[in-house]
Number of protein chains: 2
Amino acid sequence: MTIRKDNHDLTKERILNEAEALFAQKGFGAVSVREITCAANCNLAAVNYHFRNKGNLYIEVFRVRWVPRAMRLQKHFRRSLAAQGPPSPTTVAQALAEAFLKGPLSDEERQRHFQLMTRELGQPTEAFEIVADEVMRPFFEELASMLRPAMPKGLRSEQVLLNILSIFSMVLYFNFARVAISRITGREYDAAFKNRLVKHIVEFSLKGLGGLEKEGLR
Amino acid sequence: MTIRKDNHDLTKERILNEAEALFAQKGFGAVSVREITCAANCNLAAVNYHFRNKGNLYIEVFRVRWVPRAMRLQKHFRRSLAAQGPPSPTTVAQALAEAFLKGPLSDEERQRHFQLMTRELGQPTEAFEIVADEVMRPFFEELASMLRPAMPKGLRSEQVLLNILSIFSMVLYFNFARVAISRITGREYDAAFKNRLVKHIVEFSLKGLGGLEKEGLR
DNA sequence: GTCTATAGCAGGATAGAC
DNA sequence: GTCTATCCTGCTATAGAC
């Protein structure tokens, strides 16, 4: 079998890769198309040919790169959760923290993923619709339905959502604010520190969720 | 007593105010000087006259607006902590969450404050040196020294720092990602929801810190 | 599908009148 | 201190050759 479409669309792929990295690093407004095409080693006009304009390239980064990666993360979460029997707050927190901090992503990919997400959370654009509708809302629903059976029926689902958001905020931040956290803790983001963070978030989340079963009736 | 310096320096103040709001909302790269001077109802050249250039205006926003506000927050924290007797993990978490979520700041001021901070955490610039050196590091030291007596001597101070960072991540996020959180929870950021969030963060943090006393020796 | 060239505009910054 | 006028650079986007 020979190689099809020599370098057809390879330019498009390279642009998507470099655009994602740069948008994650600096934010949409602080990245120029020139910067992207230069990093992608292609011509300035290629962005307009393949993506119509800069704004649409940003949206496509989410559609074609970000969402599929989020799906991989969810799949990983479901697998490691299923391996632990019926879901409880404990196993859910464990599987969540592990999927998002160790998971199937490379270090760089993970940081990129959460940086893009954090930008949309802080300053939602059109891409936030994709993030919210295709990833966050369905996933939160799924988590809530997993946790609900373990909880007293008086417990409002809002309480569950807030707990989930709290775990997310930690995961997001320990991935998003790496540079700052390194400077403040004085530790590099190496394997040892990453494992330390995973352990910490799992423990903190477990304890945070811990009282959940007893809180339904006030 | 008559009013001194009629509108002297009032322009400078207006520029600082509008610049802070816009930088918080959109980020440094996405705000133009024209936008700022237009909002501040002054001439384009005023920024260069008063602040030399755009980058320096950004730094001055942190020096003149952000740091003093952070100091007000710390003062509030110390006062409400002192009112509860000797500090323990419980009282510290309580006072922290309250200072950062209810505290002395207006809603708008609080969001602005944490948005600026979050931007620097995710993508540190020169201003991060100010944030870290003048505010974060000293404050974290203070918190650690408050918590240390209550903990077994085997406990590494890193553990304490991670706990503090975790609480911060929640506070930061629930202030930073308001728009997104509103859309996902379906709730406006009104007084009721704010109180709900305060209650949740205090409880989650308390539980998260809860096991702290028992973890020193492994 | 990729290139060059360029239109057309918005950005930061400054000079100099008032 | 504040204004207008302007320079110059860098931006996005497009037209048209190859």
Side-chain angles (χ1 to χ4, degrees), chain A residues 2-65 116 119 123 125-127, chain B residues 2-65 116 119 123 125-127:
Chain A
T2 67
I3 297 169
R4 288 175 311 108
K5 45 179 184 165
D6 297 26
N7 64 349
H8 298 332
D9 286 324
L10 281 194
T11 299
K12 196 171 175 179
E13 299 300 312
R14 282 201 314 277
I15 290 175
L16 278 169
N17 290 340
E18 300 301 329
E20 188 183 24
L22 286 166
F23 286 146
Q25 217 171 92
K26 308 178 156 198
F28 180 81
V31 177
S32 71
V33 176
R34 281 172 157 81
E35 223 174 330
I36 295 168
T37 53
C38 186
N41 203 23
C42 71
N43 188 271
L44 172 63
V47 160
N48 302 284
Y49 176 78
H50 286 288
F51 300 95
R52 200 169 63 242
N53 58 40
K54 182 187 170 188
N56 196 50
L57 167 58
Y58 184 74
I59 301 292
E60 284 303 295
V61 162
F62 276 83
R63 248 195 262 286
V64 181
R65 289 278 188 272
L116 283 173
R119 290 191 188 285
Q123 196 186 146
T125 69
E126 198 188 325
Chain B
T2 68
I3 297 169
R4 289 175 309 108
K5 45 178 186 167
D6 296 23
N7 63 351
H8 298 332
D9 286 324
L10 280 193
T11 299
K12 196 171 176 179
E13 299 300 311
R14 283 203 314 277
I15 290 174
L16 279 168
N17 290 340
E18 299 301 329
E20 187 182 25
L22 287 165
F23 286 146
Q25 215 172 92
K26 308 178 157 197
F28 180 80
V31 176
S32 70
V33 175
R34 284 173 158 84
E35 221 175 332
I36 295 168
T37 53
C38 185
N41 203 23
C42 70
N43 188 271
L44 173 62
V47 161
N48 302 284
Y49 176 78
H50 286 287
F51 300 96
R52 199 170 63 243
N53 58 41
K54 183 188 171 188
N56 196 51
L57 167 59
Y58 184 73
I59 301 293
E60 284 304 294
V61 162
F62 277 83
R63 249 195 261 285
V64 180
R65 289 279 188 271
L116 283 174
R119 290 190 188 285
Q123 195 187 148
T125 69
E126 199 189 326

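Just so it is clear: chains get the letters A, B, ... in the order the sequence lines come, proteins before strands, and each one is counted from 1.
Between the CG atom of B:L57 and the P atom of C:dG11 there is a distance of 16 Å, rounded to whole Å.
Formation of a donor-acceptor pair under 3.5 Å by the B:R65 side chain with backbone atoms of B:E60 is not found in this model. A:R63 places no side-chain N or O within 3.5 Å of a backbone atom of A:A127 that could act as its donor or acceptor partner. Checking side-chain atoms of B:R34 against main-chain N and O of B:L44 turns up no donor-acceptor pair under 3.5 Å.
Residues from residues 12-33 of chain B lying near DNA chain C, meaning a heavy-atom separation below 4.0 Å, are B:V31, B:S32, B:V33 in numerical order. Contacts with DNA chain D (heavy atom under 4.0 Å) in residues 43-54 of chain B: B:N43, B:A45, B:Y49, B:H50, listed by number.
Side-chain contact between A:K26 and A:E35 is present, with heavy atoms from C-beta onward closer than 4.5 Å.
For the atom pair OG1 of B:T37 and CZ of B:R14, the computed distance is 11.0 Å after rounding to the nearest 0.5 Å. Interatomic distance, A:L16 CG to A:F23 CZ, rounded to the nearest 0.5 Å: 10.0 Å.
Under 4.0 angstrom from either OP1 or OP2 of D:dT2 there lies at least one side-chain N or O belonging to B:T11.
Applying the 6.0 Å contact sphere to CD of A:E126 captures no more than 12 heavy atoms from other residues, nucleotides or ligands.
The minimum heavy-atom distance linking A:N53 with A:N48 is given by the pair CA-OD1, 4.1 Å.
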